[in-house]
Amino acid sequence: MLTSKSDTHVVVMGASMGGLLAARVLSNHFGQVTLVERDPVHDQPESRKGQPQTRHLHGLLASGLDILTRYYPDLPEALTARGALVTDMTEHMQWYAFGGYRKRFSMGVRAALMSRPLLEYLIRQRTLALPNITLLDNTAVKGLAITTDRQRVTGVQVERRNDDADVHTLAADLVVDATGRGSRTPQWLAEMGYVAPDESEVKVNVGYASRVYRRNPADPLANDWILVTPDAPRETRFGGMFPIEGNRWIVSLGGWMGDHAPIDEPGFLEYARSLPAPDIYETIRDAEPLSDIIPHKFVSSLRRHYEKLARFPEGLLVMGDAISSFNPTYGQGMTSAAMQAIELDQLLAESDISQPGLAAAFFKRAARVVDIPWQLAVGEDFRFPGTTGPKPAGIDLINRYVAAVHRATQDDIVVGAAFINVMNLTAAPTSLMTPGMMLRVWRANRRLNQQPSKQNRLTSSSTVPA
Ligand SMILES: Cc1cc2nc3c(=O)[nH]c(=O)nc-3n(C[C@H](O)[C@H](O)[C@H](O)COP(=O)(O)OP(=O)(O)OC[C@H]3O[C@@H](n4cnc5c(N)ncnc54)[C@H](O)[C@@H]3O)c2cc1C
């Protein structure tokens with residue numbers, strides 16, 4: 001039985017965004033938090049071996065930025081001080097989708113534009129500055145320590161990577177698995193005599209190719225985030241170009257269903273030129289490259305249904321990509337991790353950590369958090385006939401209407417604002433389906449059909465009416 005909070009110790013496996021956010025909230029409820037990370041971690045922005053995705057474009061949704069700012073109040077200023085941009089998202093948006101530019105307008109939703117290594121570094125610095133959090137880097141978790149009756153996890157078996165492969169046990173009152181999509185908890189559960197969670201897997205065969213370029217601050221688009229997304233399923237290619245710190249652009253090009261961008265220079269440029277809007281190609285064709293072109297394959301979105309398990313050992317939780325890894329083109333992973341962290345914080349504030357059932361209660365809350373981004377990502381992916389996996393009921397009909405919503409954002413900023421709220425996970429998808437919204441969508445599409453060439457490239461901003 002635990003006597004006081006100061007006696008308690010929690011181990012978080014994995015010190016990427018999910019693990020850092022878990023550690024931050026756990027520090028409110030436990031005496032000591034130890035983050036165990038397999039890679040060496042240095043006191044600087046960096047992409048590590050265990051998180052290859054950090055070399056690609058990373059957008060942070062507005063709800064993610066809000067949660068991060070709640071836990072790290074000086075984050076926006078710290079980002080800006082390092083040369084990142086924290087701006088009104090819709091005012092600085094140059095987004096071509098479904099055959100036209102979405103209207104630019106001002107609605108006061110903040111976005112942060114930076115490299116993923118910078119964001120994670122600032123989060124890590126602030127997390128490790130807390131007196132009860134320690135990082136054990138260069139240390140791999142090899143397994144779980146459990147009681148002889150296999151009812152409770154009592155710690156982790158770790159191996160310091162520069163020692164002589166000596167495995168020792170780190171005792172803990174709670175262990176949190178934030179080791180990402182490659183999490184071994186399902187195998188460990190099976191080895192302990194538990195049932196591994198069912199998985200939902202939706203295959204999309206998405207490929208990224210990314211490169212960093214020098215950004216000229218005098219470029220008319222220099223402070224804008226630029227997206228070109230396909231009129232699916234007719235088009236399968238996307239491009240994203242975000243301004244990041246150090247007067248740089250990060251450019252990611254790619255496509256669904258194997259239509260991936262080449263990683264040789266002429267092929268990469270030609271792929272940019274083939275996108276349905278010219279902004280990215282016109283900017284990078286003469287820009288100075290500052291990195292190689294780096295590929296990343298993302299075969300499928302994967303969700304592990306821990307919330308459906310009837311039995312689960314005490315003293316163990318799983319979060320972040322280890323629960324759900326989404327098609328990254330929708331930019332939801334870090335926000336989903338942040339939303340799970342806030343759920344964990346609230347649950348621990350309401351619970352006695354020595355009582356059984358914490359995992360079941362957490363997985364139920366985490367599943368509610370994951371449901372909406374999963375529904376949005378998987379729903380959009382099923383526009384492509386090659387997508388396989390559990391298909392949500394009625395999605396073809398919903399997708400036809402949502403395509404009309406996408407088009408309406410080229411004309412009507414009220415629809416545009418509603419769409420941005422749903423995309424940022426600050427409003428429910430049903431908010432796009434009220435009778436009033438449907439009427440606006442229909443009228444906007446009718447207007448657009450009467451002016452098929454109407455575009456909104458670099459227009460001046462308006463403000464969304466209340
Ligand atoms: C190409 C791409 C682009 C993306 N773009 C976006 C985006 O625009 N916006 C967004 O919000 N999200 C994006 N994501 C998702 C985002 O990167 C993740 O959701 C986010 O990193 C949270 O993941 P995590 O911390 O749970 O896991 P990960 O980031 O995968 O981290 C797992 C950590 O655990 C460590 N680890 C693994 N095994 C062990 C072990 N045995 N012992 C100790 N440590 C271990 C790893 O080294 C790593 O540090 C993208 C993903 C990809 C693939």
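Since we're looking at a predicted model, the values are computed, not measured. Basis for what follows: all heavy atoms, side chains included, without hydrogens, waters or symmetry-related copies. Whatever order the structure lists ligands and atoms in, that order sets their numbers, starting from 1.
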Which part of [X] is near ligand 1, with near meaning a heavy atom under 4.0 Å away: side chain, backbone, both or neither?
X	result
Leu60	neither
Arg48	side chain
Asp39	side chain
Lys49	neither
Leu61	neither
Thr139	backbone

Counting heavy atoms only, which of [options] is nearest [atom]?
atom	options	result
atom 20 (C) of ligand 1	Arg161, Arg116, Lys142	Arg116
atom 3 (C) of ligand 1	Gly180, Pro328, Ala178	Pro328
atom 50 (C) of ligand 1	Met13, Glu159, His58	His58
atom 10 (C) of ligand 1	Met334, Gln340, Lys297	Met334
atom 32 (C) of ligand 1	Thr335, Leu57, Thr179	Thr179

Aromatic centroids of Tyr96 and Phe238 separated by under 6.0 Å |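 No, ring centres 6.0 Å or more apart.
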Assert yes or no for the condition that the ring centre distance of His406 to Phe98 is strictly below 6.0 Å.
-> yes
Starting from [atom], which protein heavy atom do you reach first, and at what distance in Å?
atom	answer
atom 19 (O) of ligand 1	Asp321 OD1, 2.7 Å
atom 46 (C) of ligand 1	Glu37 OE2, 3.5 Å
atom 44 (N) of ligand 1	Arg38 N, 3.1 Å

Measure the CD-CG distance between Gln332 and Leu376 for me, rounded to the nearest 0.5 Å.
->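 With rounding to 0.5 Å, CD (Gln332) is 6.0 Å from CG (Leu376).
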Could you walk me through whether Lys297 and Val206 pass side chain to side chain contact (heavy atoms under 4.5 Å, CB included), step by step?
-> CA-CA 6 Å; Lys297 300 260 186 292; Val206 162; over 6 Å; no
Looking at Thr127, Leu130, Val10, which one forms a side chain to side chain contact (heavy atoms under 4.5 Å, CB included) with Ser27?
->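 For Ser27, the side chain to side chain contact (heavy atoms under 4.5 Å, CB included) test succeeds with only one of Thr127, Leu130, Val10, which is Leu130.
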Measure the acute angle between the ring planes of His56 and His296, then classify it against the limits of 30° and 60° as parallel, tilted or perpendicular.
->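 Perpendicular, since the angle between the ring planes exceeds 60°.
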Salt bridge (charged side-chain N to carboxylate O under 4.0 Å, His left out) contacts touching residues 112-126 (sequence neighbours left out) = Arg48-Glu120, Asp74-Arg126, Arg116-Glu120, Glu120-Arg124
What do you reckon, does Tyr208 have a nitrogen or oxygen under 3.5 Å from a nitrogen or oxygen of ligand 1?
-> no
